[in-house]
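We number each residue from 1, following the sequence as shown.
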Amino acid sequence: MRVRQSLLALLALSAAATSVQAADEVVVYSSRIDELIKPVFDAYTAKTGVQIKFITDKEAPLMQRIKAEGENGVADLLLTVDAGNLWQAEQMGILQPFSSPVIDANIPPQYRAGSHAWTGLSLRARTIVYSTERVKPEELSTYEALADKNWEGRLCLRTAKKVYNQSLTATLIETHGAAKTEEILKGWVNNLATDVFADDNAVIQAVDAGQCDVGIVNTYYYGRLHKENPNLRVKIFWPNQADRGVHVNLSGVGLTQHAPHPEAAKALVEWMTTDEAQSLFADINQEFPANPKVKPSAEVAAWGSFKADTIPVEVAGKRQAEAIRMMDRVGWN
């Protein structure tokens with residue numbers, strides 16, 4: 001009997017040890033570039049001892065993987081870019097809401113899901129860039145004005161297949177309605193200097209090379225290229241400062257529906273919204289902190305301050321399908 005009791009006690013201790021060990025890790029499915037996120041996870045491990053395991057892929061395969069794994073899922077968190085992607089993950093039923101006074105205090109409501117299924121971690125402005133050789137900043141004003149005839153043959157855009165442009169279009173629909181937004185998009189397409197590009201870097205490089213005079217890109221692409229080439233003949237312009245402000249989107253994170261380590265995952269997310277983590281996360285990515293109490297890096301701050309659109313970013317997801325159909329109709333491919 002004593003031997004049996006001893007064995008049972010040993011098994012109980014072993015199970016408890018395994019449980020503690022499992023709780024001391026968090027598994028993240030991430031669409032962020034490894035070198036942009038690993039330093040943040042390393043800092044958290046150094047601070048808490050919690051190990052962060054992360055798997056990197058494109059957002060669509062990651063979301064499908066979480067859905068396919070179901071109750072046997074290994075991911076605790078989905079880390080990805082753009083509110084449109086996070087909203088899509090929520091609609092797929094692969095995220096679970098959780099309330100946190102820490103997150104609510106650190107991240108403004110327009111950068112969080114109303115359902116608490118996800119929160120923003122860093123911000124990126126999708127703004128106008130222009131040639132310093134062929135455009136004077138006073139010629140620029142709004143996104144909408146890029147549809148005017150005076151920009152004919154002078155505009156460069158990224159493909160409509162990328163969620164960043166889908167989200168921008170979705171917020172235009174929310175602001176102007178469908179009919180007006182379609183007019184704007186038609187004007188942009190009519191003003192294209194060349195075929196659309198595969199990424200934002202190519203848009204900036206085309207402006208620098210003289211292939212076009214203006215473009216629309218995410219700020220961190222500009223930051224990375226400018227760091228590589230300080231003589232870049234391109235600058236940022238903040239549009240719509242007399243009305244609603246610059247379109248802002250985000251990178252963010254959600255707790256998976258069947259997270260094996262939900263409490264440890266929640267603690268990591270809360271930490272990632274704090275001053276310490278926000279500075280690190282935003283600086284590495286050349287993005288703006290989602291926590292307004294945290295200042296951007298000196299390099300990002302050098303681009304100048306701006307008024308941001310206050311439309312809740314989840315609108316980008318809610319109107320995503322409508323935006324895609326509209327972009328297709330006007331020939332933005």
Side-chain angles (χ1 to χ4, degrees), residues 30-41 43 54 56 58-59 79-86 107-108 110-111 119-130 132 143 156-159 161-168 171 197-208 214-240 245-253 272-273 277-292 294-309 313 316:
S30 169
S31 69
R32 303 305 308 263
I33 300 170
D34 286 6
E35 56 264 32
L36 299 182
I37 192 64
K38 188 177 184 298
V40 180
F41 292 154
F54 63 99
T56 305
K58 298 291 186 182
E59 53 270 6
L79 177 67
T80 189
V81 294
D82 202 280
N85 287 327
L86 290 161
I107 307 297
Q110 67 264 34
Y111 303 135
T119 183
L121 294 175
S122 61
L123 308 178
R124 61 277 297 278
R126 189 154 191 79
T127 193
I128 296 172
V129 289
Y130 67 95
T132 56
Y143 298 106
C156 278
L157 292 174
R158 186 177 186 165
T159 174
K161 295 179 176 65
K162 185 62 183 179
V163 69
Y164 302 153
N165 282 330
Q166 296 166 11
S167 294
L168 173 60
T171 58
F197 291 92
D199 59 58
D200 284 9
N201 281 337
V203 171
I204 297 167
Q205 289 165 340
V207 174
D208 181 56
V214 290
I216 298 176
V217 302
N218 280 353
T219 45
Y220 61 89
Y221 287 97
Y222 172 82
R224 292 170 192 170
L225 282 178
H226 188 264
K227 193 171 185 177
E228 294 173 7
N229 177 16
N231 297 318
L232 197 67
R233 293 164 295 184
V234 180
K235 282 191 176 180
I236 284 174
F237 178 84
W238 304 121
N240 296 82
V246 176
H247 169 64
V248 170
N249 211 304
L250 48 77
S251 71
V253 65
M272 291 179 78
T273 70
Q278 283 281 291
S279 293
L280 180 61
F281 192 74
D283 288 3
I284 292 169
N285 290 282
Q286 292 192 306
E287 295 175 306
F288 298 91
N291 185 332
V294 180
K295 293 181 179 179
S297 69
E299 188 170 3
V300 172
W303 303 338
S305 59
F306 62 91
K307 181 174 76 172
D309 196 341
V313 292

Stacked cation flag K162 on Y164, 6.0 angstrom / 45 deg: yes
Taking the side chain as every heavy atom from C-beta outward, state whether [X] and [Y] have any pair of such atoms under 4.5 Å apart.
X    : Y    : answer
F197 : V217 : no
V246 : P239 : yes
F281 : S251 : yes
T219 : Y221 : no
L123 : E287 : no
I216 : D200 : no
L157 : V203 : no
N285 : R32  : yes

For [X] and [Y], work out which heavy atoms get closest and say how close.
X    : Y    : result
A43  : L280 : CB-CD2, 3.7 Å
V294 : P289 : O-CG, 3.5 Å
V40  : M272 : CG1-CE, 4.2 Å
N201 : D199 : N-OD1, 3.1 Å
A83  : N249 : N-OD1, 2.8 Å
A125 : F306 : CB-CZ, 4.0 Å

Flag, side chain of R124 to backbone of N218, donor-acceptor distance under 3.5 Å: no
F288 and Y220 aromatic centres sub-6.0 Å: no
L250/L86 under side chain to side chain contact (heavy atoms under 4.5 Å, CB included): CA gap, chis, key distance, verdict: CA-CA 10 Å; L250 48 77; L86 290 161; 3.7 Å; yes
Atom NZ of K295: over 12 foreign heavy atoms under 6.0 Å: no
Derivation of the side chain to side chain contact (heavy atoms under 4.5 Å, CB included) call for W238 and I128: CA-CA 7 Å; W238 304 121; I128 296 172; over 6 Å; no
Chi angles and distances behind the side chain to side chain contact (heavy atoms under 4.5 Å, CB included) call for S167, R126: CA-CA 10 Å; S167 294; R126 189 154 191 79; over 6 Å; no
Distance in Å, [X] [atom1] paired with [Y] [atom2], rounded so as to fall on 0.5 Å steps:
X    : Y    : atom1 : atom2 : result
Q278 : N291 : CD    : CG    : 5.0 Å
K38  : T56  : NZ    : OG1   : 11.5 Å
I37  : S31  : CD1   : OG    : 10.0 Å
T80  : N85  : OG1   : CG    : 4.5 Å

Salt bridge (charged side-chain N to carboxylate O under 4.0 Å, His left out) partners for D82, two or more places apart: none
Residues Y222, Q286; criterion side chain to side chain contact (heavy atoms under 4.5 Å, CB included); working and verdict: CA-CA 9 Å; Y222 172 82; Q286 292 192 306; over 6 Å; no
Ion pair E35/R224, N-O distance below 4.0 Å: no
Below 3.5 Å, can you tabulate the donor-acceptor pairs from side chains in residues 225-237 to any protein atom, sequence neighbours excluded?
| unit_1 | atom_1 | unit_2 | atom_2 | d |
| --- | --- | --- | --- | --- |
| N229 | OD1 | N231 | N | 3.1 |
| R233 | NE | D208 | OD1 | 3.2 |
| R233 | NH2 | D208 | O | 3.1 |

